There are 2 protein chains.
Amino acid sequence: MTQKFISPRGSGRGPTLKDIAKTLGVSRATVSRALRGVGRMSPALRERILRTSSEMGYKVNYAARALRSRRSNLLGVLVQEHSHYQIGDLLEGIQDEAQKNDYSVLIGTIRHDEDMEIRQIQSMIDKHVDGLLVSPTGTPRGLQLLMDLQRDNIHCVSVLEDLAPGRMSSVSVDELLGGFIATQHLFELNHRHILFFGGYLEDEYFDSRRYVGYCRAHDIYGVAVNPDYRIKCGYTVEEGRRVLLDCIARGLEFSAVFTICDMTAAGAIKGLRDAGLRVPEHVSVVGFDGSNLVSSLFDPELTSVSQTLRIIGQEAFRLVHRKIESKSYDPESIVLSPQLHIGKTTALRKSPL
Amino acid sequence: MTQKFISPRGSGRGPTLKDIAKTLGVSRATVSRALRGVGRMSPALRERILRTSSEMGYKVNYAARALRSRRSNLLGVLVQEHSHYQIGDLLEGIQDEAQKNDYSVLIGTIRHDEDMEIRQIQSMIDKHVDGLLVSPTGTPRGLQLLMDLQRDNIHCVSVLEDLAPGRMSSVSVDELLGGFIATQHLFELNHRHILFFGGYLEDEYFDSRRYVGYCRAHDIYGVAVNPDYRIKCGYTVEEGRRVLLDCIARGLEFSAVFTICDMTAAGAIKGLRDAGLRVPEHVSVVGFDGSNLVSSLFDPELTSVSQTLRIIGQEAFRLVHRKIESKSYDPESIVLSPQLHIGKTTALRKSPL
DNA sequence: TTGTAGGCGTTATCAC
DNA sequence: GTGATAACGCCTACAA
């Protein structure tokens, strides 16, 4: 433990390639190659260089490297909001992998604002990120900008949704399957009138795909889809509650609800309670996310389609990293399968409906 | 809108200082000065340079700047876990300010692991961050390393706790006051037997300070502190529940509980319910954090000592930024006052106790 | 397999 | 006030 820890900057600057080269009586280029493990060289020399570098406490100067090599070892990540209840898992997955590969992660928040989206993308470009991971974004302008990115050598991967199938790489969840297994589960419990709480925008990504799964399950079980059961709803607890109460007020008849996220599911359950209905005795509810946070805070434990965001984050980093290393811009899509987590909010239908 | 957006890298590289200088027939140095707003120069020329730069779509090359100036415009932030239910707010506060000041933020997660803490600090140093914000950390080794940082021109600010009073800058919450107002509130509701659910470690920061506030309130209301009421407890829902049930099993008598965080409070309430007690009819509960997430998911709405993490984040960035700009290493501490948010988990004592 | 040389884009230090 | 010039530390050709 005689290494010089701490340092590279300040008055007592750390050693540079030159210092190591001088110490060893070799050239800077050789040291550089040894350190990066590129080119062919005698293992003995490489070993010697590595040891000496470490002993002298050598630390790469990323600024110099970036300046010269035009690679920043910076990865940009764009998310809607940092304080979203699930985003931490995704970011941890990304960061873990990034760290292993000596990448730093820059995070930008969009806040559901189109101008902000453009500014953030531009800001990532300005900072010379090697790659960009974008999670739920999706304005046409933003998408266009993202598509242009590869002209600037920035590798872009869409995370959670497959933003531009065949034109941009992505790591996403099989939403159709998610919609299907949730609905199937309810059918197996003998439910036939299932509300679908989707997004609030037109043609919302998760909404539309899961709805296809929802419909497919209906087909398979020989039940006609009632279009009135497809309800617009925001992604918050309060929205879930409000919308559910509204359904009751409108006289919709149902014995189960499938919601777009766990927060909405929690809200729906609150609404049901407010209306004097019990879950799952009177109505079954299935959420989407499988959030640990929700499951530890909310009673009863939700039945939910669960996606492991940490893994999605890891896969996303690996994918963009592979793209960067291989300098390949061929779109590549990874689709992960969600799983049904059965909690205490679904049960065999007992109501007459 | 004829500017060249997108660019700095890739084949079609963006313009450099040199290009602007050439276009304007001035020297690179002058352009550089104009852009940074340093040194004295004729306003007319500065104006001309600024306009031309923007028209040509000039973008700073941070790598080059960092290499030459020994300032990276990078800020490191160390947190225990990214997926903590409150951390997003803190990070958003930091990022917002950082963005305004052209700083990028690097986030490292410690995961309650001492070696990891050291590695992360070292990693931030390696990346030449100009400053470091550390939120709840606290191993002696880590602290020592942080104290050494300023020898390397890295400005360090402790966030949420005042890690080394008088020796390191900090932005924190008046924990004593927090403990006081929570307890005072309960006294005002006529409670006299108040459990204090603290941390699980010896000499835990939040625990000890809030306990002082708790004791002070007892003094003022002329009630003796019962040391048995100080209970060790982790920061999770499950811990809160387990510990509360344990208290009941041990025959402790109380009419109120003050917990170290909202998660614990939620857990304690679950435990009370499991024991057949109602909140707030039988027992009042006060949490700490004022988390929106908890309040939207958990019923009933918690009474809680609330701290605005977003503001703390903003203040923390401003402080470290000021330190960086002024090159001052004098420790400076900012203390913010928490506020009591009164929800539906506290009520006038009705129980005989 | 290894060395030499030049420059990436910027800023700091002098001059003028 | 403004300009010339020399680094900053590294990587990439190309030469040996």
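Lettering of chains follows the sequences in order, A, B, ..., and the numbering in each one begins at 1. Note that the coordinates shown come from a computational prediction; the quantities given were computed from them, not determined experimentally.
Phosphate contact (OP1/OP2 of dT2(C), side-chain N/O of T30(A), threshold under 4.0 Å): absent. Using a 4.0 Å cut-off, some side-chain N or O of Y58(A) falls inside it from OP1 or OP2 of dC10(D). Distances shown here put a side-chain N or O of S27(B) below 4.0 Å from the OP1 or OP2 atom of dG3(D).
Within the 4.5 Å cutoff, the side chain of Y329(B) has no heavy atoms near those of the K323(B) side chain. Contact annotation: the side chain of T23(A) approaches that of M56(A) to within less than 4.5 Å [non-hydrogen atoms, C-beta and beyond]. The closest side-chain heavy-atom distance from K127(A) to S104(B) is below 4.5 Å.
Toward the 5' end of DNA chain D, the nearer of the two residues L45(B) and A64(B), judged by each one's closest nucleotide, is L45(B). For S42(A) and R28(A), each mapped to the nucleotide of DNA chain C holding its nearest heavy atom, the one lying further toward the 5' end belongs to S42(A).
Between D19(A) atom CG and dC8(D) atom C1' the separation is 13 Å, expressed in whole Å. As rounded to whole Å, 15 Å separates atom P of dG9(D) from atom NZ of K59(A). The NZ atom of K22(A) sits 15 Å away from the P atom of dG3(C) (whole-angstrom rounding). In this structure, K18(A) places its NZ atom 14 Å from C1' of dT4(C), rounding to the nearest Å. Straight-line distance from the CD1 atom of I49(B) to the P atom of dT10(C): 14 Å, rounded to whole Å. Rounding to whole angstrom units, CZ of residue R65(B) and P of dA12(C) are separated by 10 Å. Between M56(A) atom CE and dG9(D) atom C1' the separation is 14 Å, expressed in whole Å.
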Produce the list of close N/O pairs, under 3.5 Å, pairing protein atoms with atoms of nucleotides 12-16 of chain D; give distances to one decimal.
residue : atom : partner : partner atom : Å
dT12(D) : OP2  : R36(A)  : NH1          : 3.0
dT12(D) : O4'  : R68(A)  : NH2          : 3.3

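When heavy atoms are screened at a 4.0 angstrom cut-off, L17(A) is found touching the sugar-phosphate backbone but no base atom.
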Donor-acceptor list for residues 34-44 of chain B side chains, cut-off 3.5 Å, not counting sequence neighbours:
residue : atom : partner : partner atom : Å
R36(B)  : NE   : S32(B)  : O            : 3.3
R36(B)  : NE   : S32(B)  : OG           : 3.3
R36(B)  : NH2  : S32(B)  : OG           : 3.0
S42(B)  : OG   : L45(B)  : N            : 3.3

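Comparing dT2(D), dC10(D), dG9(C) against the side chain of M41(B) picks out dT2(D) as the nearest. Of the listed nucleotides (dT1(C), dC8(C), dT11(C)), dC8(C) has the atom at the smallest distance from the side chain of R70(A). With distances taken from any side-chain atom of L67(A) to the nucleotides dT1(C), dC8(C), dA4(D), the minimum falls on dC8(C).
Between Y103(B) and H321(B), the ring centre distance stays below 6.0 Å.
Ion pair R111(B)/D96(A) flagged as a salt bridge, since at least one NZ, NE, NH1 or NH2 atom sits closer than 4.0 Å to an Asp/Glu carboxylate oxygen.
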Problem - Evaluation steps, salt bridge (Lys or Arg N to Asp or Glu O under 4.0 Å), between E315(B) and R318(B) - result: CA-CA 5 Å; E315(B) 289 295 339; R318(B) 286 187 197 134; 3.4 Å; yes
